[in-house]
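Bear in mind the structure is a predicted one, so any value in this text is a computation, not a measurement. Heavy-atom basis, side chains included; hydrogens, waters and symmetry copies ignored.
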Amino acid sequence: MKIEKFYYDNKIVKAFLYATIFWAFTGFLIGVIISLMLFYPNLPEIIFGHSLKYYNGIMGFGRLRMIHTTTVIFAFIGNIIFTGSYYSLQRLLKSRMYSDLLSWINFWGWQIFIMLSWITFLFGINTSKEYAEHEWPLDIIICIVWIIYGINIIGTILKRRIKHIYVSIWFFIGTWVSVCILHIFNNIELPISLLSFKSYSIYAGVQDALVQWWYGHNAVAFILTTPILGLMYYFVPKASEKPIFSYKLSIIHFWSLIFIYIWAGPHHLIYTALPAWAQMLGTIFSIMLIAPSWGGMLNGLLTLRGSYKNPILKFFVLSLTCYGIATFEGPILATQKLNSIAHFTDWIVAHVHIGTLGWNGFMAFGVIYWLVEKLWNTKIYSKLYTNIHFFLGTLGILLYVIPMYCSAIVQSKMWKEFNPDGTLLNKNFLDSVITIIPFYKIRFIGGFLYMLGFLFMMFNIYKTIKKGVFINDETCELITFNDNNINNNQNFHSWLETKPIIFYLLTLIVVSIGGLVEIIPTIVIKSNIPTISSVRPYSPLELEGRDLYIREGCNGCHSQIVRPFRDEVVRYGKYSKAGEFVYDHPFLWGSKRTGPDLAREGGKNTSSWHFKHMFDPRSTSPGSIMPRYPWLIYRKLYNSNLLLKMNSLKKLGVPYSKRDIENAYNYLDRQAYFLEQEIYKESPEIKNQIDFQKQYYGDKFISLKDREIIALISYLQRLGKDIKKK
């Protein structure tokens, strides 16, 4: 035996801590802004005035929504994961991180990725896939940075000075392995060119939907849950100064959670065109999730029982309570009956935010408070400000989620109500939107209070840091273990905890089973996705219009999947079949109906109606909360990549012929001309406006047929027409 002296690296922890606080505030701020836009859609016009048409959608709701979700998930939660794991790993393994250089590459690589996400989303560069909207160059950056993080973890584990790896490290291992699998397989896409950001998912339609929600649900599982549980298992015992309640329960919690969670993704697609067997598996495993999830919640809460001295502990208590609520609510929503009522409504918004604001947010706040005291060797500046933060945050969550539950009940009821004669009571979807606006206003107040509480925290942290002294390289002295003193009577799991490489491999196997069982049959067995003879590929103009639809994030508010319910069939048309989507790269089913479903939109309204609706939605739909899109009306359609797009889609199986591609620009011009003339015929006042613009702009004038709005209208008018022909 010998005494070893070494130093923990606190500088990297401080860097990630500062990044966490910065990105948390920006994520909350964007969230408050978009919640305001849901009842005050004219906000961009207040900011930009008549110049809004020249800003090319930089304040578009769909783009800001992507920024909000990415900032909260990857920037706020991602950075707190790195903060907590870099701090706890060193102390649990009694070793400095494997490489300081890798730690800093991890830090700067992640911040660069987040900043590039903001830039690309603001410019409309995205894939539309929920929680995975980043285009292929950013996907590569994420992958590289995540692998570097994993190498640093593995290297630190291998050079550890203690034999066993603690439960927190199990969850960090499970997170790293799972995110690697999920990220790589969901983001396999074909760039149209190495010089272009644009790409198309290699999966189409139903297959793409299954892979995306296999990823999307498990992004919640393995970014917003398992690493936060890793933090819980370290920081809750530390803050309460008690060991974790049950070691055996933590073993059951870990292995059952990572095995079951990966199966549950299809519950996002119940009553869609997904094969019934996959939907059934999603429901079964979602219900099974209650057991391990509540096991972890109880393990945390029972550890905290009787601990009242430290005001930070109340953040952990509320966090674990919200975890319990969310993980009970999720499986219940995965049952067919409740899913038919709640899906596409604001209930899903409430469910998600109980998890992010309550479980993730309050766990992060507790960790930050505790770490600041330790890193700066001081006590928190003000218990009063800590309590104000707790009160405002709790009130904010309540005022956020309760109105959303009420809104969801109103939405579902109004969507499904019928008159005695069999007609819809609320035929106009807008009726339900106008009714729930008061709930959106209360939700905005809740979000604002939550952010206000965080501002109190920021000030409190600032004052705490000012009065403390930061410990750059924290000294640790340790009596090193002797390999000969290993207990030969240890059980299997105790032995496994001493074999990290075997632990990694076993985790990989357990996590992979569910994904393989669900995804492989859907991709390789053709009968799962039957074709429909009348379904044809998009024309060149429609393809450009679809890409504009994706650019603006329209699928964040509009679904494109009609479920087999009486109210939906009466309101929208024939229910959706798997074969309709075989040429959709990516799928655009959506997960929320802030506006009506568009799966059968083609031919429902005139082309001139769509023109007016995009310019000012309230001119065609009084009371609408949809923002204006004037830049689409004025902006020229840049279609220089059209042939690259069509050739890429052909490689992915879309049956474009050689003639289709050679004559693509002729087809596009012809369809655009017909649409232009159709609009002029339907609405002479639009023609008068365009004629005036021709005189006003002179040589800079852009013909209506050459503008983005024509391409978007062509796509909207195409939706559902292939099925209507049958």
Side-chain angles (χ1 to χ4, degrees), residues 27-47 59-69 71-72 130 329 333 341-358 361 392-417 426 428-454 552-559 590-597 613 616-618 620-629:
F28 299 156
L29 180 62
I30 296 296
V32 167
I33 290 171
I34 61 176
S35 68
L36 175 61
M37 290 175 69
L38 281 172
F39 62 88
Y40 194 66
N42 293 326
L43 181 63
E45 295 163 71
I46 299 298
I47 297 173
M59 272 286 287
F61 179 87
R63 303 188 195 187
L64 291 180
R65 180 183 177 274
M66 292 179 216
I67 288 174
H68 170 61
T69 55
T71 304
V72 170
E130 196 118 9
E329 186 180 48
L333 288 172
I341 296 169
H343 196 55
F344 290 132
T345 71
D346 287 322
W347 194 306
I348 308 306
V349 178
H351 170 60
V352 168
H353 283 82
I354 280 181
T356 51
L357 298 178
L392 288 174
T394 304
L395 182 61
I397 292 172
L398 292 173
L399 289 179
Y400 192 108
V401 301
I402 293 174
M404 290 298 92
Y405 287 134
C406 297
S407 169
I409 293 168
V410 171
Q411 284 174 312
S412 184
K413 185 174 183 292
M414 292 186 72
W415 293 350
K416 293 180 177 295
E417 280 185 313
N426 300 288
N428 190 345
F429 185 92
L430 190 55
D431 294 340
S432 65
V433 175
I434 294 171
T435 304
I436 63 175
I437 286 177
F439 298 120
Y440 284 172
K441 292 180 178 179
I442 301 171
R443 188 260 294 269
F444 166 76
I445 295 171
F448 179 79
L449 289 176
Y450 190 90
M451 184 178 70
L452 181 61
F454 187 73
E552 301 301 334
C554 300
N555 59 304
C557 291
H558 294 280
S559 60
S591 56
K592 173 77 167 67
R593 283 179 182 157
T594 306
D597 186 273
H613 188 67
D616 182 5
R618 280 151 292 287
T620 56
S621 308
S624 171
I625 61 172
M626 176 178 162
R628 295 180 61 218
Y629 290 85

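Of all non-hydrogen atoms in Phe444 and Ser35, the two that sit nearest each other are CD1-OG, 3.4 Å. The shortest heavy-atom contact between Tyr450 and Gly393 is CD1-O, 3.5 Å. Minimum heavy-atom separation, Ile34 to Phe61: O-CE1, 3.5 Å. Considering every non-hydrogen atom in both Leu64 and Ile30, the closest pair reads O-CG2, 3.5 Å. Nearest heavy atoms, Leu43 versus Met37: CD2-CG, 3.8 Å. Looking at every heavy atom in both residues, Ser432 comes nearest to Trp415 through OG-NE1, 3.1 Å.
The closest donor-acceptor contact from the side chain of Ser412 to the backbone of Ala408 lies at 3.5 Å or more, if one exists at all. A distance-only check finds no donor-acceptor pair linking the side chain of His558 to the backbone of Asp597 [under 3.5 Å]. Using modelled atom types, one side-chain atom of Arg618 and one backbone atom of Met626 make a donor-acceptor pair closer than 3.5 Å. Of the possible polar contacts, one joining the Thr69 side chain to the Met66 backbone as a donor-acceptor pair under 3.5 Å is found. In this structure a side-chain-to-backbone donor-acceptor pair under 3.5 Å is present from Thr71 to Ile67.
Scored by the side-chain hydrogen bond (donor to acceptor under 3.5 Å, both in side chains) test, Thr345 finds no partners at all (sequence neighbours excluded). Considering only residues two or more places apart in sequence or on other chains, Lys441 meets the salt bridge (Lys or Arg N to Asp or Glu O under 4.0 Å) condition with none of them. Partners of Lys592 under the side-chain hydrogen bond (donor to acceptor under 3.5 Å, both in side chains) rule, at least two apart in sequence or in another chain, are Asp346, Thr594. In this structure Arg65 satisfies the salt bridge (Lys or Arg N to Asp or Glu O under 4.0 Å) test together with Glu130, sequence neighbours excluded. Listed by chain and residue number, Thr620 satisfy the side-chain hydrogen bond (donor to acceptor under 3.5 Å, both in side chains) test with His613 (two or more places apart in sequence, or in another chain).
Here the CG atom belonging to Leu29 is positioned 4.0 Å from the CD1 atom belonging to Ile33, to the nearest 0.5 angstrom. Note that CG of Leu452 is 12.5 Å distant from CD1 of Ile445, once rounded to the nearest 0.5 Å. Ile402 contributes atom CD1, which lies 13.5 Å from atom OG of Ser407 (distance to the nearest 0.5 angstrom). Distance check, rounded to the nearest 0.5 Å: OG1 of Thr356 to NE2 of His68 gives 7.0 Å. The CD1 atom of Ile397 sits 11.5 Å away from the CG atom of Leu392 when rounded to the nearest 0.5 Å. One finds the CG atom of Leu399 at 11.0 Å from the OG1 atom of Thr394 (value rounded to the nearest 0.5 Å).
Side-chain contact between Ile436 and Met414 is absent, with no heavy-atom pair separated by less than 4.5 Å.
With a 6.0 Å radius and a threshold of 12 heavy atoms from other residues, nucleotides or ligands, Lys416 has its NZ atom above the threshold. Remark: Phe448 CZ is loosely packed, at most 12 non-hydrogen atoms of other residues, nucleotides or ligands lying under 6.0 Å away.
Applying the side chain to side chain donor-acceptor pair (under 3.5 Å) test to pairs two or more places apart or on separate chains, those with a residue in residues 397-406 are Glu329-Tyr405, His353-Tyr400, Tyr400-Arg443.
Ring centroid separation for the pair Tyr440 and Phe39 does not come in under the 6.0 Å cut-off.
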